[in-house]
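The first residue in the sequence is number 1, and the count goes up from there. Counting starts at 1 for both ligands and their atoms, following the listed order.
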Amino acid sequence: MTSPISATADALPDLCGSAPAYVRAIAPYLPGKPIPEVARELGLDPGHIVKLASNENPMGMSPLARAAITEALAGASRYPDGFEAVQAIAARTGVAPDRVVLGNGSNDLLEMVASVFLAPGRASVFSQHAFAVYPLATQARGARAIVVPARQFGHDLDAMLAAITPETAVVFIANPNNPTGTRLEPADLLRFLKTVPVRVAVVLDEAYNEYLPPEERAHSVAWLAAHPNLIITRTFSKAYGLAGLRVGYGLAHPAVAALLNRVRQPFNVNSLALAGAVAALDDTAFVDASYAMNCAGMVQLVKGVTRLGLSHIPSHGNFLCVGIPRTGADPRAGEVFQSLLRQGVIVRPVANYQLPDHLRVTIGLPDENQRFLDALAQALR
Ligand SMILES: *Cc1c(COP(=O)(O)O)cnc(C)c1O
């Protein structure tokens with residue numbers, strides 16, 4: 001008797017081969033290593049491991065969000081209703097509710113934009129060292145990725161403008177960018193928006209918006225009125241501390257929002273995430289405390305790596321790319337990453353972002369930052 005498994009294996013080359021070549025060519029996303037996996041692989045005590053690899057909020061989540069999520073559990077047998085969350089996001093950001101699109105993480109919004117505007121024969125433009133989801137979302141639609149060389153690790157807006165072709169339908173801009181932490185001047189962004197053809201959607205990915213100084217956080221929303229091709233994406237995963245719940249949102253022209261909603265799964269954000277998001281928006285004290293903690297941690301890390309004689313990319317996010325000097329001609333970041341792991345400190349290699357000589361570390365609590373700095377000193381010895 002043939003086992004179902006071998007029958008499956010025989011049919012696999014045909015089945016998998018029938019997937020479009022552009023899907024088969026996708027290089028999968030590499031997440032930060034989870035604590036349980038590192039504990040298992042290296043035989044470490046999970047309680048002793050520090051994870052500074054995925055730009056999560058080291059303070060956890062807002063207590064108001066936690067209470068709301070606990071309360072929402074009782075209603076989890078019902079399908080979720082995003083009405084209240086859309087109203088709350090609209091009120092908080094100062095836009096009309098018909099400009100708000102809910103996402104299962106802001107990653108979901110990036111995918112919706114790609115579904116709406118990208119297809120074979122079309123292209124997206126984004127920067128070298130930009131967020132890894134832009135190439136993924138582009139490739140999955142069979143569209144072409146136009147990658148523009150970075151300038152001092154940041155977006156070169158003039159070059160990005162020049163890279164726009166007749167086939168270009170989307171420009172992705174991360175501000176601040178992950179993994180580099182670089183930030184664009186609002187005036188430069190606005191000039192870019194005024195010059196880009198209106199037929200091209202400009203996605204402004206603001207996953208780290210809440211880590212900017214308060215006076216800088218609202219610029220982009222004010223540009224929506226005059227720029228119908230602007231799509232802003234934000235998330236509850238970073239400063240709001242809800243990464244595991246998966247909730248984010250997009251802000252766009254109502255007609256564009258309506259298009260995005262056509263490809264959105266009807267119930268894409270679960271009821272616990274919606275309850276958490278609504279409560280988190282109200283917890284300004286938590287976001288303020290997270291911002292303050294991040295500012296102090298950034299100073300601590302920059303001082304610490306500088307004292308070790310290392311360079312860094314000036315960052316406006318909740319993470320820092322640290323330069324790891326080569327030994328001879330060979331990058332050493334991989335070896336330092338492994339040494340940090342063995343010492344129970346998880347950071348993020350960024351060689352897949354064409355940054356083979358850097359490691360990205362998320363700003364943690366003061367003692368977590370110190371653990372990283374001590375382990376780094378040890379790794380470099
Ligand atoms: C983390 C991140 C996101 C998306 O995170 P979600 O959890 O899907 O909201 C989007 N863009 C950038 C640049 C990020 O770093």
Side-chain angles (χ1 to χ4, degrees), residues 29-32 34 51-58 60-61 65 85 89 100-115 124 126-138 140 147 150 153-155 170-184 189 202-212 217 220 231-251 260 264-265 268-270 272-274 276-277 280-281 287 290 294 313 315-321 347-350 352-353 355 358 360-363:
Y29 180 80
L30 296 172
K51 187 188 177 203
L52 301 172
S54 300
N55 301 345
E56 295 145 342
N57 189 331
M61 72 173 79
I89 291 163
V100 178
V101 182
L102 295 174
N104 191 299
S106 59
N107 197 139
D108 196 18
L109 266 308
L110 303 175
E111 293 290 341
M112 285 182 227
V113 169
S115 287
S124 70
F126 53 86
S127 177
Q128 180 190 19
H129 315 312
F131 188 45
V133 169
Y134 311 152
L136 288 174
T138 301
V147 186
F153 300 109
H155 290 51
V170 180
V171 177
F172 290 106
I173 296 173
N175 191 49
N177 181 49
N178 172 22
T180 57
T182 50
R183 164 194 166 278
L184 290 158
L189 266 175
V202 177
V203 177
L204 198 52
D205 177 346
E206 298 189 329
Y208 301 97
N209 176 265
E210 296 80 10
Y211 288 108
L212 292 173
R217 294 177 198 164
S220 58
I231 303 169
I232 298 168
T233 62
R234 296 209 181 144
T235 184
F236 289 93
S237 298
K238 308 285 160 60
Y240 288 104
L242 299 177
L245 283 178
R246 314 303 304 126
V247 52
Y249 61 92
L251 305 176
L260 296 171
R264 186 178 61 81
Q265 287 180 41
N268 63 331
V269 185
N270 71 76
L272 303 188
L274 290 169
L281 278 177
V287 175
S290 300
N294 193 65
I313 305 174
S315 171
H316 300 266
N318 65 341
F319 53 88
L320 185 70
C321 267
V347 299
R348 191 72 157 263
V350 282
N352 56 327
Y353 285 93
L355 295 166
H358 287 85
R360 191 195 71 191
V361 57
T362 301
I363 314 288

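Aromatic pair F153/H358: ring centres closer than 6.0 Å.
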Could you pull out the N/O contacts under 3.5 angstrom between ligand 1 and the surrounding protein atoms?
residue  : atom   : partner : partner atom : Å
ligand 1 : 7 (O)  : S237    : OG           : 2.5
ligand 1 : 7 (O)  : R246    : NH1          : 2.7
ligand 1 : 7 (O)  : R246    : NH2          : 3.2
ligand 1 : 8 (O)  : S106    : N            : 3.3
ligand 1 : 8 (O)  : N107    : N            : 3.0
ligand 1 : 8 (O)  : R246    : NH2          : 2.7
ligand 1 : 9 (O)  : S106    : N            : 2.6
ligand 1 : 9 (O)  : S106    : OG           : 2.9
ligand 1 : 9 (O)  : T235    : OG1          : 2.5
ligand 1 : 9 (O)  : S237    : OG           : 3.4
ligand 1 : 11 (N) : D205    : OD1          : 3.1
ligand 1 : 11 (N) : D205    : OD2          : 2.6
ligand 1 : 15 (O) : N178    : ND2          : 2.8
ligand 1 : 15 (O) : Y208    : OH           : 2.6
ligand 1 : 15 (O) : K238    : NZ           : 3.1

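Salt bridge absent: E210 and K238 never bring a charged side-chain N and a carboxylate O closer than 4.0 Å.
Applying the side chain to side chain donor-acceptor pair (under 3.5 Å) test to pairs two or more places apart or on separate chains, those with a residue in residues 240-251 are S237-R246.
In this structure a side-chain-to-backbone donor-acceptor pair under 3.5 Å is missing from N178 to F131. A donor-acceptor pair under 3.5 Å links the side-chain atoms of N57 to the main chain of A239, judged by distance alone.
Taking every heavy atom of both residues into account, D205 and L110 meet most closely at OD2-CD1, 4.0 Å.
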